[in-house]
Amino acid sequence: MDELMLDGNAVAGLLQEVFAVEMTTAVGTCASCGAAGPIGAVHVYRGAGIVLRCPHCDNVLAKIVRDGTRVWVDMQGIRTLEVAV
């Protein structure tokens, strides 16, 4: 590693600050159609996991799977996520 590169532990505080906030008011931008809006306005489907879909184009924004001790989050369909800290 050079002096400008660190490992993921260097952003532990930032990640804790970002992900410990009210997420329904966070603004996500759809990677498919470019529409932006609050996460609280997306369409949510429940099944073996949870699927969040864009209310404009039905693109899958995120998938969440949870078991008793872990959570997996795939946010491949969200281009950007703006969170107030």
Side-chain angles (χ1 to χ4, degrees):
M1 286 198 279
D2 66 30
E3 60 200 39
L4 296 178
M5 188 175 97
L6 305 169
D7 67 15
N9 291 306
V11 295
L14 174 61
L15 291 173
Q16 184 176 18
E17 181 182 343
V18 168
F19 288 105
V21 299
E22 173 57 52
M23 291 301 292
T24 60
T25 59
V27 175
T29 302
C30 178
S32 179
C33 73
I39 296 300
V42 304
H43 296 166
V44 176
Y45 297 86
R46 297 183 303 156
I50 296 172
V51 176
L52 285 68
R53 289 185 173 270
C54 177
H56 303 281
C57 73
D58 208 37
N59 176 52
V60 174
L61 298 172
K63 295 172 273 189
I64 305 169
V65 177
R66 181 178 175 167
D67 73 5
T69 60
R70 296 172 291 191
V71 177
W72 292 265
V73 180
D74 172 348
M75 297 195 318
Q76 188 171 353
I78 298 177
R79 183 181 308 150
T80 61
L81 185 62
E82 178 186 342
V83 180
V85 293

Heavy-atom pair of closest approach, residues [X] and [Y]:
X   : Y   : value
P55 : A41 : CG-O, 3.7 Å
H43 : C54 : ND1-O, 4.5 Å
R66 : V71 : CG-CG2, 3.9 Å
C30 : R79 : O-NH2, 3.5 Å
I78 : A62 : CD1-CB, 4.4 Å
E17 : V21 : O-CG1, 3.3 Å

Does E22, at its CD atom, have more than 12 non-hydrogen atoms belonging to other residues, nucleotides or ligands within less than 6.0 Å?
yes
To the nearest 0.5 Å, how far apart are NZ in K63 and CG in L52?
11.5 Å
Atom pair CZ (R53) and CG (L61), whose distance is rounded to the nearest 0.5 Å:
9.0 Å
Any side-chain heavy-atom pair from V27 and L81 closer than 4.5 angstrom?
no
With side chains defined as the heavy atoms from C-beta onward, is the minimum distance between V44 and V51 less than 4.5 Å?
no
Residues that, via side-chain heavy atoms closer than 4.5 angstrom, fall in one hydrophobic cluster with V65:
W72
We want to know whether E82 and T80 form a side-chain donor-acceptor pair, criterion being a heavy-atom distance below 3.5 angstrom.
no
In one Ile/Leu/Val/Met/Phe/Trp/Tyr side-chain cluster, 4.5 Å: I50, V42
yes
Check the pair I39 / M23 against side-chain contact (heavy atoms from CB on, under 4.5 Å), numbers first and verdict last.
CA-CA 7 Å; I39 296 300; M23 291 301 292; 5.5 Å; no
